[in-house]
Protein chains: 2
Amino acid sequence: MNISQAAKASGLSPKTIRYYERIELIGAASRGDNGYRDYDEEDLDILRFVQRARATGFSVEECRQLLSLYRDTERHSSEVKVLVQEKLERVEAQIQELLQMRDTLQDLVERCPGDEQAQCAIIDKLAEQS
Amino acid sequence: MNISQAAKASGLSPKTIRYYERIELIGAASRGDNGYRDYDEEDLDILRFVQRARATGFSVEECRQLLSLYRDTERHSSEVKVLVQEKLERVEAQIQELLQMRDTLQDLVERCPGDEQAQCAIIDKLAEQS
DNA sequence: TTAAACCTTCCACCCATGGTAAGGTCAAGC
DNA sequence: GCTTGACCTTACCATGGGTGGAAGGTTTAA
């Protein structure tokens with residue numbers, strides 16, 4: 001199976017697959033006589049796993065850890081759970097930051113008249129010659 | 001006023017100020033006889049404006065637009081308002097994405113036993129040999 | 001005088017790709 | 001057998017928003 005077929009089957013782009021190989025997130029694919037990469041079903045499982053993990057929001061480095069747990073049949077589910085809980089905490093922190101930002105922006109929008117005058121609460125607030 | 005003083009007074013780092021100058025977000029600072037950058041109060045106003053806009057969550061490119069409105073005494077506050085409303089929409093979309101991610105992660109965490117068993121709903125979900 | 005603490009420019013790095021170039025290969029149609 | 005187009009390969013540049021460090025000049029305080 002060529003890289004573009006593997007790409008279609010996994011939902012990743014060929015570029016991304018080569019990149020993942022280069023940074024050793026995934027193992028080097030075997031090559032045909034022509035030097036083309038060749039993928040089998042086992043490779044596809046890995047590619048799909050990474051695609052789903054990325055789509056779920058895990059970074060490439062987080063995927064590296066998840067992959068190593070995926071491959072480790074001796075793993076404890078508690079290790080996986082800790083990883084995902086920590087990720088969840090980071091996501092929640094990020095949400096809080098964005099909510100804070102949204103409130104600030106909403107406040108600015110509400111206080112700006114939005115007319116033909118140059119006088120503008122948003123600009124004033126950011127300039128704040130205090 | 002040296003760059004490190006301007007940095008302290010604005011809340012930006014000297015590196016960041018030089019970077020902003022390089023990408024022409026801010027104008028080139030005047031130089032002393034020794035080649036050192038020299039900042040006055042007017043420069044500081046700009047630096048503080050950018051610092052506050054960045055801290056509020058605007059990207060550098062958005063800051064560029066805000067700065068041009070800041071400098072334009074003929075501006076209409078409606079132009080500023082539109083800019084900030086669009087930003088607000090982008091932030092809200094980002095929040096929705098993260099909330100979706102949080103729900104997925106929460107679901108995964110809840111379904112993982114978190115014990116010494118290798119069997120793990122998180123890994124299974126990501127592997128999903130369907 | 002000497003050391004520390006500045007300043008300058010420039011180059012490299014982070015993340016997760018996308019774009020593009022230059023060149024090799026393969027499958028189909030003529 | 002030849003051409004065309006769609007693949008494949010590697011390699012380098014760009015993104016955003018800076019940070020870190022090297023190499024070298026300046027200033028300041030002891």
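A, B, ... follow the sequence lines: proteins, then strands. Residue 1 opens every chain.
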Q) For A/D38 and C/dC26, what is the distance between atoms CG and P respectively, to the nearest whole Å? A) 13 Å
Q. Any side-chain heavy-atom pair from A/I26 and A/I17 closer than 4.5 angstrom?
A. yes
Q) Are any non-hydrogen side-chain atoms of A/N2 and A/R37 less than 4.5 angstrom apart? A) no
Q | Atom-pair distance (CZ on B/R37; C1' on C/dT9), nearest Å | A | 9 Å
Q) Please give, in whole Å, the distance from C/dC6 P to B/Y36 OH? A) 11 Å
Q) Think B/R64 has a side-chain N or O under 4.0 angstrom from the OP1 or OP2 of D/dG17? A) no
(Q) What's B/R22 touching, base or sugar-phosphate or nothing? Going by heavy atoms closer than 4.0 Å. (A) nothing
Q) Counting distance only, does the side-chain N/O of B/S77 pair as donor-acceptor with the main-chain N or O of A/C112 below 3.5 Å? A) no
Q) Do A/R102 and A/L98 touch side chain to side chain, with heavy atoms closer than 4.5 Å? A) no
Q: Could you grab the distance from atom CD of B/E41 to atom CD1 of B/I46, nearest 0.5 Å is fine?
A: 12.0 Å
Q: Let me know the distance between CD of B/E21 and P of C/dC7, rounded to the nearest Å.
A: 14 Å
Q. Just by modelled atom types, is the B/S59 backbone N or O under 3.5 Å from a matching donor or acceptor in the B/E62 side chain?
A. yes
Q.
Reading DNA chain C from 5' onward, which residue's closest nucleotide shows up sooner: A/V60 or B/Y39?
A. B/Y39
Q: Calculate the interatomic distance between A/R31 atom CZ and C/dT25 atom P; express it in whole Å.
A: 14 Å
Q) Any Lys/Arg nitrogen of A/E61 or A/R64 sitting under 4.0 Å from an Asp/Glu carboxylate oxygen of the other? A) yes
Q) Residues in side-chain hydrogen bond (donor to acceptor under 3.5 Å, both in side chains) with A/R71, at least two apart? A) none
Could you run down the sub-3.5 Å N/O contacts of the protein with nucleotides 28-30 of chain D?
none

Q: Send over the distance from A/Q51 CD to C/dT17 C1', rounded to a whole Å.
A: 14 Å
Q | Check: B/G57 main-chain N/O paired with B/K87 side-chain donor or acceptor under 3.5 Å | A | yes
Q) Taking the side chain of A/N34 as its heavy atoms from C-beta onward, which of C/dT17, D/dT10, C/dT25 lies nearest to it? A) C/dT25
(Q) Does anything in residues 1-20 of chain A come within less than 4.0 Å of DNA chain D? Heavy atoms only, and list the residues if so. (A) A/N2, A/I3, A/S4, A/K15, A/R18
